[in-house]
Amino acid sequence: MKLKSILFLAVALPLFAACSSTAYIPTPSEMNTALREITGQNGRACVRIRDIAGYGTLSDSVLSVSSKFRNHYVMVTLHRCPAIESGARLAFKGAFTDFCGGGRDSVHGGNGRCPVQSVYEFDDRDAAFAAHDQAEEMIRKQREAGKDGS
């Protein structure tokens with residue numbers, strides 16, 4: 001009987017710990033507001049579709065996109081979009097040869113279409129990731145302040 005209790009705890013405790021330590025994922029609206037404030041950009045940057053060299057997902061609503069010409073972009077979808085996290089190949093669909101923020105252009109992956117609300121341009125990947133991290137930290141602090149009633 002004692003062995004069963006120990007085995008149960010060995011399995012159950014990590015599961016409970018995982019539930020309590022789940023990090024908050026900012027909404028697209030929160031991320032857009034924070035990135036606009038941090039960068040001073042309006043989210044309407046554009047990249048030529050043929051210049052997109054690679055991408056990665058930072059959350060279910062944020063993409064990190066590199067271009068062939070050193071610049072880097074952070075794209076925020078209009079709403080949460082699990083299709084971009086599925087690991088499937090993504091297709092960038094723009095109205096013309098450019099892919100721009102503003103909700104007109106979209107990313108397609110798996111069975112989903114994700115309109116992109118904002119595109120922010122950076123000189124390089126490090127600057128893009130620094131701005132993204134700063135935006136997440138800003139949102140976290142705002143949420144904590146709101147919980148404290150401040």
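As a basis for the values below, the full set of heavy atoms in this structure was taken, side chains included, without hydrogen atoms, waters or symmetry mates. Being a predicted model, the structure only gives us computed values, none of them experimental.
Residues Ile139 and Leu35 fall within the same hydrophobic cluster, defined by Ile, Leu, Val, Met, Phe, Trp and Tyr side chains chained together at heavy-atom separations under 4.5 Å. Hydrophobic clustering of Ile, Leu, Val, Met, Phe, Trp and Tyr side chains at less than 4.5 Å, counting indirect connections, unites Val119 with Tyr55. Cluster annotation: Leu63 and Ile49 are assigned to the same hydrophobic cluster (Ile/Leu/Val/Met/Phe/Trp/Tyr, side-chain heavy-atom contacts under 4.5 Å, transitive).
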| task | Could you please spell out the steps behind the side-chain contact (heavy atoms from CB on, under 4.5 Å) verdict for Ile52 and Val47? | result | CA-CA 7 Å; Ile52 294 174; Val47 59; 4.2 Å; yes
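The salt bridge (Lys or Arg N to Asp or Glu O under 4.0 Å) analysis of residues 57-67, with sequence neighbours excluded, yields the pairs Asp60-Arg80.
Between the side chain of Tyr24 and the backbone N or O of Arg143 there is no donor-acceptor pair closer than 3.5 Å. Using a distance-only test at 3.5 Å, with no hydrogens or angles considered, no donor-acceptor pair links the side chain of Glu121 to the main chain of Asn71. Judged purely by atom type and a 3.5 angstrom limit, Asp124 uses its side chain to pair as donor or acceptor with the backbone of Asp126. Formation of a donor-acceptor pair under 3.5 Å by the Tyr120 side chain with backbone atoms of Asn32 is found in this model.
Taking every heavy atom of both residues into account, Pro26 and Ser61 meet most closely at O-OG, 4.2 Å. Between Thr27 and Glu30, the shortest heavy-atom contact is N-OE1, 2.9 Å. Across Cys114 and Ala83, no two heavy atoms sit closer than the pair SG-CB, 4.2 Å. Closest of all the heavy-atom pairs between Leu78 and Pro28 is O-CB, 4.0 Å.
Contact of the His79 side chain with the Pro115 side chain is registered, since non-hydrogen atoms from C-beta on lie closer than 4.5 Å. A heavy-atom distance below 4.5 Å is not found between the side chains of Phe69 and Arg48. Ser118 has its side chain within reach of Arg36: a pair of non-hydrogen atoms, C-beta onward, lies under 4.5 Å apart.
Met138 belongs to a hydrophobic cluster with Ile38, counting contacts under 4.5 Å between side-chain heavy atoms of Ile, Leu, Val, Met, Phe, Trp and Tyr, direct or through other members.
Taking OG from Ser59 and CD from Glu85, the interatomic distance works out to 6.5 Å, rounded to the nearest 0.5 Å. The distance from the CZ atom of Arg104 to the CD atom of Gln117 is 14.5 Å, given to the nearest 0.5 Å. Residue His132 holds its NE2 atom at 12.0 Å from CZ of Arg125, rounded to the nearest 0.5 Å. Expressed to the nearest 0.5 Å, how far CZ of Arg50 lies from NZ of Lys68 amounts to 8.0 Å.
If you run side-chain contact (heavy atoms from CB on, under 4.5 Å) between Met75 and each of Val116, Ile84, Asp105, Val62, only Val116 comes through.
Judged as a salt bridge (Lys or Arg N to Asp or Glu O under 4.0 Å), and not counting sequence neighbours, the contacts of Glu137 are Arg140, Lys141.
Aromatic ring centres of Tyr73 and Phe99: separated by at least 6.0 Å.
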